[in-house]
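Note that the structure is predicted; figures quoted are calculated from it, not measured.
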Amino acid sequence: MFMYPIVKQLKTCHVHQEPQSRVDFPASDFGRYIRSMSGDLLANLLSYLSIQDLANLELVSRRVRTVIHDKCGLSVSELHNYNRYFLSLPKAEQQFYQVMVSANPQLLHHLRTVPSVFSPCYPVQCKQEALCAHYTNHFCQQMINAPSVTLAASGCMEFVPVVSSFFLNANHNRLINEDGRARAIHIWAPDNSGNWGRELSMEYTTEINIHNQHGGNILFLPYDRLSGEPPAEGTEFSGHEHLLSVFKRSDSGLWSEAQQMTAVDVYPHFAHPRINEMILSDDGKSLVCIDYESGGVILCCETDGNWRHNNDLSWGDNHEICFSPDSRFLVLFDGAEVFFLARDADGLWSCSSSMAFGPGSNGALASQAESEEYRLFGMEFDMAFSPDSRHFALWSDDVGIFDESIAGTEKEFCVKVAGLGPNRQWSHRLTITKKHNDPGHCFLLCAAFSPDGRLLVVTTITGFDIWGLGDDHRWSPVMQDRAYNEEAGQVLLKLPDIQFSMDSRRLYFMMAASSLDADDDKLRACIWQRRDSGQWECAQTLSSSSLLKCSPRGNTLICRGESESTDIYQYTLTGQWLRQQINQPIKEVCFNRQGCLLASLVAGGSMLLLGLASDGSWQEKNRWRPDGQIRDFEFSPCSRSLQTRVYRNDKEVMTFWRIVPDQP
């Protein structure tokens, strides 16, 4: 890997400044001083105080209390409750709300119109993500108390399969439709009231995948004459040709081309460059452009709003790249080494450290990977950051044998874990080695972090390990080589799906039908639970035949029953699982983010919407039969809407339904 160094000028100051003495106001003059200030000026000054200081001032000054109420609509105590609720959430959940509000102006505008949410919010005491978390919790309580739910259509789009493709971004605030027949793209987005409409249509002929862009207010479009296709032989190339366009969305929903970048702007050191792939960070401030032949680059948005080249990246056949959840780190894996890049306070990226991994660090693997006898096409690798972006794991499972009848020779596979140090340097912390007892068969391996980032689970086809992070920042084994079900230690055909509960105290292993042997009736979905002593034990093996879905918070399990029924297991505050049976089979299930609503496809093609009630049971909130065959359905991250995709009359119809709780 090669990188071009970035030289930074240190900021120095030669002006000697005397410390300023404290300004004291007599108690009699304080009220006069406060009353002499305008409301906007006083609100601006108050915005730099802590909530505790505001609470003290509110007690002694009616003027302060009035300004806070006029500008916020809420008391300081309510501000404090919002922040306290947000800070009580797991780090992964806080990160979710931070990402949501960073690129969702429509949602923020909606929050400002909700009576329980104030505007404008103070920049210090109560951040927008805290308001979003409070609103979502408030919305969830409304759903629980509502006897039924009304679904109001807020947008409908039709697509012709094959000819047209579409992509709905992660925040559900932008949909890109590529119409190959008309050689155009269309951008659809909800307005401030939640109703969807088409905001932009333009010609677009390149076949580059532009879907890996999460933000809702910015879009990068490669210029079709230079992207994806190499230049004709003998064609002169100046480097000043238009290569990339940056489109931005205004608050009113208008899109415009804000910047045109030439080939030299994007790839200043490459000859005849083109864009084959783009990856945008979750916060929308960094973009990776990849040219499969020459390499990759990082583009950054600077303080003036323009995008500029920051650094070069090497690229090849066995390369992977990944942004951390907080978008502050970037990992580049090149098949033998892992390179960690860090984004500094000025937004620029630089390589901070590296870690060896891959065939180059293991002679046996390297020898086997080069052997044509085994017809290997390269090892397969996976990698993941912890939710708090402080740890990173990289692992390999099989060595990519085309023909499973050809026996392999490799008996050891490993998971390598790196940790972030106090100086923003990444270093190797742990290597977990798993032995393969039967190299003649495929070996499967996977690793996953818990939501709090302090547990690491390594799963194989024979069992699992749990590793814990201690207060000394060292990883140590909590459990090793444990069978998923103590009564059945058979080798699985497929790795189970795993999920933690939001508080990282429960771990679910979900067995699919393809995971088990045909005559195996003992391996079922199982729940492992961490006791107060820190020990883990198998708390329950479900009697239902298979586990269909686990709620995002891990408090609800949807299982297929033994007969034509569905079992719902709900975790209570007393630590018990309550079983509720629904007398109809559920084929597909989707939870909302908070786990208080679930949409399901039932027999006959109907859509059933269930909601959690105050007594802990699940009740039917709505049921409808769409005109056509339901292909897909999903809740928006903020739970304000439900998206359905229906196939009818040779077209796919996507509809957004606004969720409105009915009054009890």
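Within the 3.5 Å criterion, the main-chain N or O of Ser286 finds a donor-acceptor partner in the side chain of Ser281. Between the side chain of Ser386 and the backbone N or O of His391 there is at least one donor-acceptor pair closer than 3.5 Å. When atom types are taken as modelled, the side chain of Asn137 and the backbone of Gln141 share no donor-acceptor pair closer than 3.5 angstrom. Between the side chain of Ser606 and the backbone N or O of Val602, no donor-acceptor pair lies under 3.5 Å. Using modelled atom types, one side-chain atom of Thr566 and one backbone atom of Ile586 make a donor-acceptor pair closer than 3.5 Å. When atom types are taken as modelled, the side chain of Asp283 and the backbone of Lys285 share a donor-acceptor pair closer than 3.5 angstrom. The main-chain N or O of Met143 is found under 3.5 Å from a side-chain atom of Lys621 such that the two form a donor-acceptor pair. When atom types are taken as modelled, the side chain of Asp179 and the backbone of Ile185 share no donor-acceptor pair closer than 3.5 angstrom. Distance alone, capped at 3.5 Å, is enough to place a donor-acceptor pair between the Arg625 side chain and the Gly604 backbone. Without hydrogens or angle criteria, Tyr484 side chain to Gly463 main chain gives a donor-acceptor distance under 3.5 Å.
Within 6.0 Å of CG in Asp615 there are more than 12 heavy atoms belonging to other residues, nucleotides or ligands. Surrounding CG of Leu87 are more than 12 heavy atoms belonging to other residues, nucleotides or ligands, all under 6.0 Å away.
Atom-to-atom distance recorded for Leu107:CG and Asn173:CG is 9.0 Å, nearest 0.5 angstrom. Interatomic distance, Ile582 CD1 to Ile558 CD1, rounded to the nearest 0.5 Å: 6.5 Å. One distance of note links CD of Gln499 with CG of Leu507; it measures 9.5 Å at 0.5 Å rounding. The CZ atom of Arg579 sits 12.5 Å away from the CG atom of Leu557 when rounded to the nearest 0.5 Å. Distance CG/Leu444 to CG/Leu495: 4.5 Å, rounded to 0.5 Å. Atom CD of residue Glu178 and atom CZ of residue Phe166 lie 11.5 Å apart, to the nearest 0.5 angstrom.
Scanning both residues, Cys156 and Thr655, for their nearest heavy atoms gives SG-OG1, 3.7 Å. Nearest heavy atoms, Phe591 versus Leu598: CE2-CD2, 3.7 Å. Nearest heavy-atom pair across Trp255 and Phe247 is CZ3-O, 4.0 Å. Residues Val478 and Gly468 approach most closely at CG2-N, 3.6 Å, considering heavy atoms. The shortest heavy-atom contact between Ile498 and Ala448 is CD1-CB, 3.5 Å. Closest approach of Tyr85 to Ala133, counting heavy atoms only: CE2-O, 3.5 Å.
Legend: residues meeting salt bridge (charged side-chain N to carboxylate O under 4.0 Å, His left out) with Lys587, ordered by chain and number and at least two apart, are absent. By the salt bridge (charged side-chain N to carboxylate O under 4.0 Å, His left out) test, Asp452 is found to be paired with no residue, residues two or more places apart in sequence or in another chain being considered.
When side chains are defined from C-beta on, Val646 does not count as touching Glu652, because their heavy atoms never get closer than 4.5 Å. Side-chain contact between Cys550 and Met510 is present, with heavy atoms from C-beta onward closer than 4.5 Å. Side chains of Glu634 and His172 form a contact here, defined as non-hydrogen atoms less than 4.5 Å apart. No side-chain heavy atom of Thr644 sits less than 4.5 Å from a side-chain heavy atom of Val653. At least one side-chain heavy atom of Phe633 sits less than 4.5 Å from a side-chain heavy atom of Leu601. Taking 4.5 Å as the limit, every side-chain heavy atom of Tyr647 sits out of range of all side-chain heavy atoms of Ile630. Side-chain contact between Arg174 and Trp188 is absent, with no heavy-atom pair separated by less than 4.5 Å. A 4.5 Å side-chain heavy-atom check between Gln629 and Arg648 finds every atom pair outside the cut-off.
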For this session: Show the numbers, then the answer: is there a side chain to side chain contact (heavy atoms under 4.5 Å, CB included) between Ser565 and Gln584?
Result: CA-CA 4 Å; Ser565 63; Gln584 56 182 322; over 6 Å; no
For this session: Please test Leu597 against Phe635 for side chain to side chain contact (heavy atoms under 4.5 Å, CB included), starting from the C-alpha separation and ending with a verdict.
Result: CA-CA 9 Å; Leu597 290 174; Phe635 287 96; 3.9 Å; yes
Exercise. Given the rule in the side chain to side chain contact (heavy atoms under 4.5 Å, CB included) test, do Leu175 and Phe167 qualify, once you have shown the distances and angles that lead to the verdict?
Worked result: CA-CA 6 Å; Leu175 184 143; Phe167 173 77; over 6 Å; no
For this session: Tell me, with the steps shown, if Tyr571 and Trp577 meet ring-ring contact (aromatic ring centres under 6.0 Å, His included).
Result: CA-CA 5 Å; Tyr571 189 74; Trp577 287 93; 5.1 Å; yes
For this session: Carefully, step by step, assess Met100 and Glu129 under the rule side chain to side chain contact (heavy atoms under 4.5 Å, CB included).
Result: CA-CA 8 Å; Met100 181 189 295; Glu129 51 264 30; over 6 Å; no
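The closest side-chain donor-acceptor pair between Ser148 and Asp662 falls under 3.5 angstrom. A donor-acceptor pair shorter than 3.5 Å cannot be found between the side chains of Gln643 and Ser636. Defined by atom type and a distance below 3.5 Å, a donor-acceptor pair is missing between the side-chain atoms of Ser154 and Trp657. Gln570 and Thr556 are linked by a side-chain donor-acceptor pair at a separation below 3.5 angstrom, with hydrogens and angles left out of the test. Side chains of Asn555 and Arg506: a donor-acceptor N/O pair is present below 3.5 angstrom, by distance only.
Taking the six-membered ring where the residue is Trp, His138 and His134 present parallel rings, their angle staying beneath 30° rather than reaching 60°.
The cationic group of Arg482 does not satisfy the cation-pi geometry with Phe464, failing either the under 6.0 Å distance to the six-membered ring centre or the 45° limit from the ring axis. The cationic group of Arg593 lies under 6.0 Å from the six-membered ring centre of Phe96 and within 45° of the ring axis, placing it in a cation-pi geometry.
For an aromatic pair to be called close, the ring centres must be under 6.0 Å apart, and Trp196 with Phe656 satisfies this.
Salt bridge present: Asp326 and Arg328 bring a charged side-chain N and a carboxylate O closer than 4.0 Å. Using a 4.0 Å cut-off between charged side-chain N and carboxylate O, Asp532 and Arg505 make a salt bridge. In summary, Arg553 and Glu93 engage in a salt bridge, as defined by a charged side-chain N under 4.0 Å from a carboxylate O.
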